[in-house]
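Throughout, residue positions are numbered sequentially from 1 according to the sequence presented.
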Amino acid sequence: MPLDRHPPAIRTLHPADWTVYRALRLRALADAPDAFCSTLAEESQRPDDVWAARLVAPALGAHQQGWPFVAELDGMPVGLAWVKMESPGASLYQVWVAPEARGRGVGAALLDAAIAWARARRAQALHLAVTAGDGAAARLYRRTGFVDVGSPVPRAGTTLSEQAMVLALGDA
């Protein structure tokens with residue numbers, strides 16, 4: 001089903017959205033099995049209560065557990081991002097955009113939401129690690145103002161490397 005050409009809507013995932021989160025996470029792992037630190041096989045086996053529990057801590061204000069955002073186009077969930085406070089900065093992870101939504105501003109909208117969230121909590125910087133070789137993701141991050149930090153480093157337990165990146169937020 002083709003998506004209309006409306007801008008993406010970004011909202012916070014809440015505990016009742018655990019099925020949306022599960023569906024997006026499993027799609028992300030199927031689409032990019034090397035980009036995340038877990039596998040489709042591992043995540044597929046998790047019971048429903050584990051999926052729901054992942055969204056409870058953020059809803060209760062436990063920001064150290066992360067804050068989940070979902071991107072929707074025409075009401076359909078097509079993207080995911082989590083941001084987590086790690087004093088004095090914040091970390092961005094689980095960023096994924098569905099293939100049918102790429103090139104539609106979804107990734108940029110998710111980044112904008114994560115950056116605004118981190119700034120509102122006075123984070124000095126936003127950190128992330130992108131899989132080395134994922135040129136599209138790296139270009140998106142660089143367009144947003146992220147810069148590379150050091151050289152790519154091997155990801156434990158894989159043959160992949162990750163490039164650390166940071167966006168200075170200053171005195172938000």
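Leu26 and Tyr93 fall within a single hydrophobic cluster, where Ile, Leu, Val, Met, Phe, Trp and Tyr side chains are chained together by heavy-atom contacts under 4.5 Å. With hydrophobic clusters built from ILVMFWY side chains whose heavy atoms lie under 4.5 angstrom apart, Leu160 does not share a cluster with Val130. Under the 4.5 Å side-chain heavy-atom criterion for Ile, Leu, Val, Met, Phe, Trp and Tyr, Tyr141 and Val166 are members of distinct hydrophobic clusters. Connection of Val20 to Leu40 is established within a shared hydrophobic cluster, with ILVMFWY side chains joined at heavy-atom distances below 4.5 Å, either directly or through further cluster members.
Residues Arg22 and Asp48 meet the side-chain proximity criterion, which asks for heavy atoms closer than 4.5 Å. Arg142 places a side-chain heavy atom less than 4.5 Å from the side chain of Met165. Within the 4.5 Å cutoff, side-chain heavy atoms of Arg155 are placed close to those of Thr131. For the pair Val78 and Pro8, the minimum side-chain heavy-atom distance is 4.5 Å or more.
Distance check, rounded to the nearest 0.5 Å: CH2 of Trp18 to CG of Asp49 gives 9.0 Å. Here CZ of Arg119 is found 11.0 Å from CD of Gln124. Values are rounded to the nearest 0.5 Å. To the nearest 0.5 Å, the span separating CH2 on Trp67 from CG on Leu55 amounts to 10.0 Å. Going from atom CD1 of Ile10 over to atom CG of Leu110 covers 4.0 Å, rounded to the nearest 0.5 Å. The OG1 atom of Thr144 sits 4.5 Å away from atom CG of Leu111, with the distance rounded to the nearest 0.5 Å. The distance from atom OG1 of Thr12 to atom CG of Asp17, rounded to the nearest 0.5 Å, is 9.5 Å.
A cation-pi contact, defined as under 6.0 Å to the ring centre and within 45° of the axis, links Arg54 to Trp51.
Across all their heavy atoms, Ser38 and Arg25 have their closest contact at OG-NH2, 2.7 Å. The two atoms that bring Ala81 and Val95 nearest to each other are CB-CG2, 4.0 Å, heavy atoms only. The heavy-atom pair separating Glu72 from Pro77 by the smallest distance is CG-CA, 4.0 Å. The shortest non-hydrogen separation linking Tyr21 to Gln94 is OH-OE1, 2.9 Å. Smallest separation of non-hydrogen atoms from Leu126 and Phe146: O-CE2, 3.3 Å. In plain terms, the two heavy atoms of Leu128 and Leu92 that are nearest each other are CB-O, 3.6 Å.
A donor-acceptor pair is defined here as one N or O able to donate and one able to accept, closer than 3.5 Å; such a pair exists between the side chain of Gln163 and the backbone of Val149.
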